Q: 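This structure is in structure tokens; I'll ask about it shortly.
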Amino acid sequence: MRWIGLGAALLLLAASPARAQESGCMARHLREALRLNKERMPLYAELTGGRSRAISRRLIWAERFAMPAAWYVDWRARKFQRLGIPVVCADFEPMDRTPAFRSRADDPPPLSAFTPTDPSKIARAVERGYRAGGFAGAGAALEGEIEALSGVPGFHCMTRHLLESALRITNGAQRYAADAEARGVASPARLSRALLSMHLTTLGEAARLDRGAAPLQAEGIPIVCQDVPPIPPNPNLPGE
């Protein structure tokens, strides 16, 4: 989708009653993440002598900044959800599955093991996969990028989180489209595509967060890594 069109839609939503619709699943996911990071910010600050506050504030800022986009996504998702297709709601993992807070990580990696990611390169690889094979092609590219980060589980936790979330979206999109076709109803494929694009666009911010968090993570402070839930690659669909 065109980002100019998205921007115009967000401006329209800001001036309409739909803006107040915050009960959708993406907005709820962001509110829960915002609440968790606010609660954990002083805990990390105490452990780090305040050095973690910049990371916590950046997380909180990013969640607040993303809220208008979440309202837009939830607004678009409603018509499909009314048809029984749980796009968006099944795509986000509940924040209550986030690991419990721990003051120390087991076997933290040395800072020398941290190599910055190239978010533009990752996004281009996924886009190439999509152009070549649709959501299945994008999913295969995402699996490759996730595997490339598997050797350093204590670093790149926000980038990994976004990639895992994007993989879940691509897997869900294929199932939603097949279900819609079988039932003869509208497919949410364009919405899933927009949601995938949003994830790829935010990889740059994720990479900046990961770079800032790496020195603390190398000291054994598991900030970010323990503040996101693990994301299974397939959505939780009703009846499964």
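Heavy-atom basis, side chains included; hydrogens, waters and symmetry copies ignored. Treat the numbers as computed from the prediction; the structure is a model and nothing was measured.
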Q: Flag yes if L167 and L200 sit in one hydrophobic cluster, no otherwise; membership is Ile, Leu, Val, Met, Phe, Trp, Tyr, and two members link when side-chain heavy atoms are under 4.5 Å apart.
A: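 Hydrophobic grouping puts L167 with L200.
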Q: Does a donor on one side chain sit under 3.5 Å from an acceptor on the other, for R193 and S197?
A: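 Indeed, the side chains of R193 and S197 share at least one donor-acceptor pair under 3.5 Å.
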Q: Counting N and O atoms only, with roles assigned by atom type, does the side chain of Q217 sit under 3.5 Å from a partner on the main chain of I223, one being a donor and the other an acceptor?
A: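 Flag set: sc Q217 to bb I223 pair under 3.5 Å.
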Q: Is any side-chain heavy atom of N37 less than 4.5 Å from a side-chain heavy atom of R57?
A: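 Answer no - side chains too far apart.
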Q: May I ask you to decide if T159's main-chain N or O and D210's side chain share a donor-acceptor pair within less than 3.5 Å?
A: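 Side chain of D210 to backbone of T159: a pair is present.
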Q: Give the minimum heavy-atom separation between A77 and V88, together with the two atoms involved.
A: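 Heavy atoms of A77 and V88 come nearest at CB-CG2, 3.7 Å.
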Q: Output yes when a side-chain donor or acceptor of E145 lies under 3.5 Å from a complementary backbone atom of A141, and no otherwise.
A: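 Answer holds: no.
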Q: With a 6.0 Å cut-off (strictly less than), is the heavy-atom count around CZ of F101, excluding the residue itself, greater than 12?
A: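 Atom CZ in F101 is packed in, count exceeds 12.
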Q: Looking at E127 and R124, does any basic side-chain N land under 4.0 Å from a carboxylate oxygen?
A: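 No, this pair does not count.
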Q: Search all heavy atoms of S192 against all heavy atoms of F135 and return the closest pair with its distance.
A: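 The pair with the smallest heavy-atom distance is CB-CZ, 3.9 Å.
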Q: Are V152 and P109 packed together at the side-chain level, in the sense that at least one heavy-atom pair is separated by less than 4.5 angstrom?
A: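 No. Closest side-chain heavy atoms not under 4.5 Å.
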Q: For Y176 together with F80, are the ring centres under 6.0 Å from each other?
A: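 No, the ring centres sit 6.0 Å or more apart.
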Q: Can you tell me how far the CD atom of E181 sits from the OG atom of S187, to the nearest 0.5 Å?
A: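 One gets 8.5 Å once the value is rounded to the nearest 0.5 Å.
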Q: Should P94 and R97 count as side-chain neighbours, where that means a heavy-atom distance under 4.5 Å?
A: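 Yes - at least one pair of side-chain heavy atoms lies under 4.5 Å apart.
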Q: Check the angle between the aromatic planes of W61 and F65 and answer parallel, tilted or perpendicular using the 30° and 60° thresholds.
A: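 W61 and F65: parallel rings.
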Q: Looking at R31 and E63, is any side-chain nitrogen of the basic one under 4.0 Å from a carboxylate oxygen of the acidic one?
A: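 Judged by the 4.0 Å cut-off on N to carboxylate O distance, E63 and R31 do not form a salt bridge.
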Q: Keeping R168 on the side-chain end and E93 on the backbone end, is there a donor-acceptor pair under 3.5 Å?
A: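 It does not hold such a pair.
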Q: Is there a chain of hydrophobic side chains (I, L, V, M, F, W, Y, each step under 4.5 Å between heavy atoms) that links I231 to M95?
A: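 No.
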Q: Identify the heavy atoms of G154 and C225 that sit nearest to each other, and give their distance.
A: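 Looking at all heavy atoms of both residues, the closest pair is O-SG, 3.5 Å.
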Q: Just verifying a value: how many Å separate E32 CD and L30 CG, rounded to the nearest 0.5 Å?
A: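 It comes to 9.5 Å.
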Q: Can you name the nearest heavy-atom pair linking A213 to V224, along with the distance?
A: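 That would be CB-CG2, 4.2 Å.
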Q: Under 3.5 Å, side chain of S52 to main-chain N/O of T48, donor-acceptor pair present?
A: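 Checking the backbone N and O of T48 against the side chain of S52, no donor-acceptor pair under 3.5 Å is found.
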Q: Linking I/L/V/M/F/W/Y whenever their side-chain heavy atoms sit closer than 4.5 Å, directly or via other members, would F92 and L34 fall into one cluster?
A: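 As far as the 4.5 Å side-chain criterion goes, L34 and F92 are not connected within one cluster.
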Q: Distance from L203 atom CG to R208 atom CZ, nearest 0.5 Å?
A: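 If I round to the nearest 0.5 Å, the distance is 10.5 Å.
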Q: Using the ring of each side chain (for Trp, its six-membered ring), is H29 parallel, tilted or perpendicular to H161, with breaks at 30° and 60°?
A: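 Aromatic pair H29/H161 classed parallel.
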Q: Answer yes or no: is there a donor N or O on one side and an acceptor on the other, between the side chain of R160 and the main chain of L149, under 3.5 Å?
A: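 Judged by distance alone, yes, a pair lies under 3.5 Å.
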Q: Are the side chain of H156 and the backbone of T115 linked by a donor-acceptor contact shorter than 3.5 Å?
A: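 Yes, the answer is positive, given that a donor and an acceptor are paired below the 3.5 Å cut-off.
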Q: What's the spacing between R211 CZ and I55 CD1 if we round to 0.5 Å?
A: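 Those atoms lie 10.5 Å apart.
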Q: Hydrophobic clusters here meaning ILVMFWY residues chained together by side-chain heavy-atom distances under 4.5 Å, can you tell me if I60 and V228 are in one?
A: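 No, because I60 and V228 fall into different hydrophobic clusters, even though each may have its own neighbours under 4.5 Å.
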Q: Judged by atom type as modelled, is there a donor-acceptor pair below 3.5 Å linking the side chain of R104 to the main-chain atoms of E219?
A: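 Between the backbone of E219 and the side chain of R104 there is a qualifying donor-acceptor contact (under 3.5 Å).
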Q: Look at the side chain of S150 and the backbone N and O of I146, then say whether any donor-acceptor pair between them is shorter than 3.5 Å.
A: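 No; judged by distance alone, with no hydrogens or angles, the pair does not exist.
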Q: What are the two closest heavy atoms between A207 and T117, and how far apart are they?
A: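 Shortest heavy-atom contact: CB-OG1, 3.7 Å.
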Q: Just wondering, do I85 and R175 contact through their side chains at under 4.5 Å, heavy atoms?
A: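 Counting from C-beta outward, R175 and I85 never come under 4.5 Å.
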Q: Is it the case that the side chain of D74 and the backbone of A27 share a donor-acceptor pair, with hydrogens and angles ignored and the cut-off at 3.5 Å?
A: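 Present.
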Q: Output the distance between atom SG (C25) and atom CZ (R78), rounded to the nearest 0.5 Å.
A: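 Interatomic distance, C25 SG to R78 CZ, rounded to 0.5 Å: 11.5 Å.
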Q: Nearest 0.5 Å, what's the CG-CG distance between N171 and L142?
A: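 CG of L142 is found 9.0 Å from CG of N171.
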Q: I want to check something: taking the side chain as every heavy atom from C-beta on, are Q81 and P86 in contact at a cut-off of under 4.5 Å?
A: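 Result no, sub-4.5 Å side-chain heavy-atom pair not found.
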Q: Which atoms form the tightest heavy-atom contact between F114 and A214, and what is the distance?
A: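 Reported closest heavy-atom pair: CD1-CB, 3.7 Å.
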Q: Does the side chain of D179 come within less than 4.5 Å of V185's, by heavy atoms?
A: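 No, every pair of side-chain atoms sits at 4.5 Å or beyond.
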Q: Hydrophobic clusters here meaning ILVMFWY residues chained together by side-chain heavy-atom distances under 4.5 Å, can you tell me if L59 and M41 are in one?
A: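 Per the 4.5 Å side-chain linkage, L59 and M41 are not co-clustered.
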